[in-house]
Amino acid sequence: MTDLLPRPRVVNSAEGTFELPLRPPVSGPSELVGAIRVALAALDPKPGESGTIDVTLVPELGPEAYTLAVDADGIRIAAGDRAGAFYAGQTLRQLLPPAAYRTVAIPGTQWTVPFVQIEDSPRFTWRGVHLDVSRHFQPKREVLRMIDIMAAHKLNRLHLHLVDDQGWRIESRAYPLLHEVGSHRPRTASSHYGEELTYDEVPHGGYYTLDDLSEISAYARAREVTVVPEIDVPGHASAILAAYPAFGPRGEQFAVLDRWGISPAILSPLPGTIDFLTTIIDELLAALGPTPYVHIGGDECVLDDWAASEEIMAFSRSLGLSELGDLHAWFLRQLADVLAERGSRAVVWDEAFVSGMLRDDTVVMPWRGTGVSRRAAAAGHDVVQTPVFPLYFDYIEAASEEEPLGIGETTTVADVAAFDPAPESWDPKDAAGVVGAQFQLWTERIPDARTLDYRAWPRGAVLAEITWSGGQPDLTERLPRHLARLDAMGVEYRPLEGPRPWQRGGTGRRRHRPGVINVEEVMSKLETMTLHADSTRPSL
């Protein structure tokens, strides 16, 4: 029982086992039965009479909570809601052999379940994965696969970074040039950080149709994952302005950015831009269905073109605003109000919190350290912890040339395991404002799905435990045994002892160069910048 991950809150073992048949019958309310069937797909469970797997609804347990009992009479699950039933199914899956993580049952497998009594509920409501599909596009199949891996770890928020300088990834029927022009670039920078720019001269692109997004959202909901789309504005706007330059302060034609880093491209804050983005939001929400959260960015904005525009400065004065940062805050507040009218809450990066004017219900993601996260929580905002260290998984696991090229170094499994999203040293009221955490997969140096697996896992499994159960002392003992499940799923994770021969940095540009970007120095600079009024300016 010691290899359950994330570890349940209460686990009591007993002597004995129960033999679960292939295609086991599941009895109970149809919604809960459906959740069990999704969680145990390899066994192909069927609705049936009681006696093998019985599931009941007990709302008093609370959201996402469940109990699981296995004895000679069978398997009994009580769930606070559908999510609780699904997570009970995932725990039952972990009690089975790793073959339960394959897509179909292997003939001859014995589905033996040990006798056990489990009581479980999550520590945090937000247990997330951020996936940047703008810098390097991930096809729909990879997004669906990520949802499956998340669900196996009881992770429940998929933050899709859909828009940035390097690409727009959403079909728009109202503004089709967004995907026709903004979704691709002719080449991509291939040089190391700090070197003279070189390019691979390979076209890159892709986007999700609105039907794709509908499918992704429905697939996620069936696995208790909420899709959190991000349209990052007003900065990071090269791809938008490549398609519709009129929405920029100067009407300047930009190209979809083919290098990394920050562009001066920024949207105009005038009402026409709000109308344009409202149309896009309506298209997006219509495709996704019920969407409790929409991320609107607000980070790393170069406001120089606003300052140089007489029209924008006159508009700002007409609003009674004296500082550019106030106009930045006003712009984001308008979008948050649009979302609220549609039943969604705005999510922002911490620059937007520093700028001010946020709605009380806005969720803040502080990426620049725990200092600004504590201030946001103290101000009454729900906070999702997203600090560069230790939750940016584009940073590599070891300062070695054997590692494939990463942005910076190092963030180890142990670093992630030591992270506490709501430290005991905080005032309890502030700590209560932390609703969870998520790891970030920025994809400048993640060009494909195999590299994505390597960066995400098993560090992501550790973050899953932290956000579900708080992390337990025996995590390092359980994690190696958990890897057999990832093997069965076909996840090409980074082995704990280091990369496999075919995962190592190659002889070309994919080999990491140690010592270029130090995460401790980065965090020190970022924490300091959150204290300044012009905090929205690019930080790196």
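It should be emphasised that the depicted structure is a prediction, and the values quoted were computed from it without experimental measurement.
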So, for [X] and [Y], which heavy atoms are closest and what is the spacing to 0.1 Å?
X: Arg37; Y: Pro45; answer: NE-O, 2.9 Å
X: Pro114; Y: Thr112; answer: CD-O, 4.0 Å
X: Ala287; Y: Ser214; answer: O-OG, 2.6 Å
X: Gln503; Y: Glu492; answer: NE2-O, 3.5 Å
X: Ala377; Y: Gly433; answer: CB-CA, 4.4 Å
X: Gly406; Y: Ile396; answer: CA-CG2, 3.5 Å

Quick check for you: to the nearest 0.5 Å, what is the distance between [X] atom [atom1] and [Y] atom [atom2]?
X: Ile446; Y: Phe393; atom1: CD1; atom2: CZ; answer: 10.5 Å
X: Arg9; Y: Ser469; atom1: CZ; atom2: OG; answer: 11.0 Å
X: Leu277; Y: Ile296; atom1: CG; atom2: CD1; answer: 9.5 Å
X: Thr451; Y: Leu441; atom1: OG1; atom2: CG; answer: 11.5 Å
X: Glu477; Y: Leu475; atom1: CD; atom2: CG; answer: 9.5 Å
X: Lys140; Y: Ile216; atom1: NZ; atom2: CD1; answer: 7.5 Å

For residues [X] and [Y], determine if any side-chain heavy atom of one lies less than 4.5 Å from a side-chain heavy atom of the other.
X: Leu158; Y: Leu160; answer: yes
X: Leu332; Y: Leu358; answer: no
X: Ser172; Y: Ile280; answer: yes
X: Ile466; Y: Val416; answer: yes
X: Val413; Y: Arg459; answer: yes
X: Glu465; Y: Val462; answer: no
X: Val338; Y: Ser344; answer: no
X: Leu483; Y: Leu486; answer: yes

Partners passing ring-ring contact (aromatic ring centres under 6.0 Å, His included) against Tyr87 (at least two apart in sequence or in another chain):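 ring-ring contact (aromatic ring centres under 6.0 Å, His included) list for Tyr87, sorted by chain: Trp468.
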
ring-ring contact (aromatic ring centres under 6.0 Å, His included) against Phe276, all qualifying residues, sequence neighbours excluded: Tyr175, Phe247

One thing to verify: whether [Y] and [X] come together as a salt bridge, which I'm taking to mean a side-chain N less than 4.0 angstrom from a carboxylate O.
X: Asp3; Y: Arg485; result: yes
X: Asp299; Y: Arg368; result: no
X: Asp71; Y: Arg76; result: yes
X: Glu224; Y: Arg82; result: yes
X: Asp394; Y: Arg455; result: no

Are more than 12 heavy atoms from other residues, nucleotides or ligands located less than 6.0 Å from atom [atom1] of [X]?
X: Arg342; atom1: CZ; result: yes
X: Asp360; atom1: CG; result: no
X: Glu180; atom1: CD; result: yes

Trp168/Tyr244 aromatic ring centres below 6.0 Å: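 Not close enough - the centres of the two rings lie 6.0 Å or further apart.
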
Whether the side chain of [X] engages the backbone of [Y] through a donor-acceptor N/O pair (distance < 3.5 Å, no angle test) should be reported.
X: Thr443; Y: Asp132; value: yes
X: Gln440; Y: Gln438; value: yes
X: Ser217; Y: Leu213; value: no
X: His204; Y: Phe137; value: yes
X: Arg169; Y: Ser183; value: yes

Inter- and intrachain pairs under side-chain hydrogen bond (donor to acceptor under 3.5 Å, both in side chains), touching residues 47-64, at least two apart: Ser27-Asp54, Glu64-Arg127, Glu64-Asn156

Ser373/Gln385 under side-chain hydrogen bond (donor to acceptor under 3.5 Å, both in side chains): CA gap, chis, key distance, verdict: CA-CA 7 Å; Ser373 68; Gln385 296 282 30; 3.3 Å; yes

From CA spacing to verdict: side chain to side chain contact (heavy atoms under 4.5 Å, CB included), Leu178, Ile170: CA-CA 8 Å; Leu178 287 171; Ile170 316 165; over 6 Å; no

Contacts of Asp453 that satisfy salt bridge (Lys or Arg N to Asp or Glu O under 4.0 Å) - sequence neighbours left out: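 So Asp453 forms a salt bridge (Lys or Arg N to Asp or Glu O under 4.0 Å) with Arg145.
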
Non-neighbouring partners of Asp448 that pass salt bridge (Lys or Arg N to Asp or Glu O under 4.0 Å), sequence neighbours left out: none

Pairs flagged by ring-ring contact (aromatic ring centres under 6.0 Å, His included) wherever residues 138-162 is involved - sequence neighbours left out: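 Sorted pair list: His130-His159, His130-His161, His153-Trp457, His153-His482, His159-His295, His159-Trp349, His161-Trp442.
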
Stepwise side-chain hydrogen bond (donor to acceptor under 3.5 Å, both in side chains) test for Thr412 and Asp415: CA-CA 5 Å; Thr412 66; Asp415 292 329; 3.1 Å; yes

Test log, rule side chain to side chain contact (heavy atoms under 4.5 Å, CB included), inputs Trp260 and Gln166: CA-CA 8 Å; Trp260 311 129; Gln166 292 82 9; 3.7 Å; yes

Check for me whether [X] meets the cation-pi criterion with [Y], that is, NZ or CZ under 6.0 Å from the six-membered ring centre and within 45 degrees of the ring axis.
X: Arg500; Y: Tyr493; answer: yes
X: Arg223; Y: Phe86; answer: no
X: Arg450; Y: Tyr454; answer: no

From CA spacing to verdict: side-chain hydrogen bond (donor to acceptor under 3.5 Å, both in side chains), Trp367, Glu351: CA-CA 9 Å; Trp367 65 281; Glu351 288 95 331; 3.0 Å; yes

Evaluation steps, side chain to side chain contact (heavy atoms under 4.5 Å, CB included), between Gln138 and Tyr208: CA-CA 10 Å; Gln138 296 293 331; Tyr208 307 110; 4.3 Å; yes

From CA spacing to verdict: side-chain hydrogen bond (donor to acceptor under 3.5 Å, both in side chains), Thr91, Lys154: CA-CA 9 Å; Thr91 298; Lys154 301 185 176 75; 2.9 Å; yes

Intermediate values then yes/no, side chain to side chain contact (heavy atoms under 4.5 Å, CB included), His236 and Asp165: CA-CA 5 Å; His236 292 274; Asp165 287 300; 3.4 Å; yes

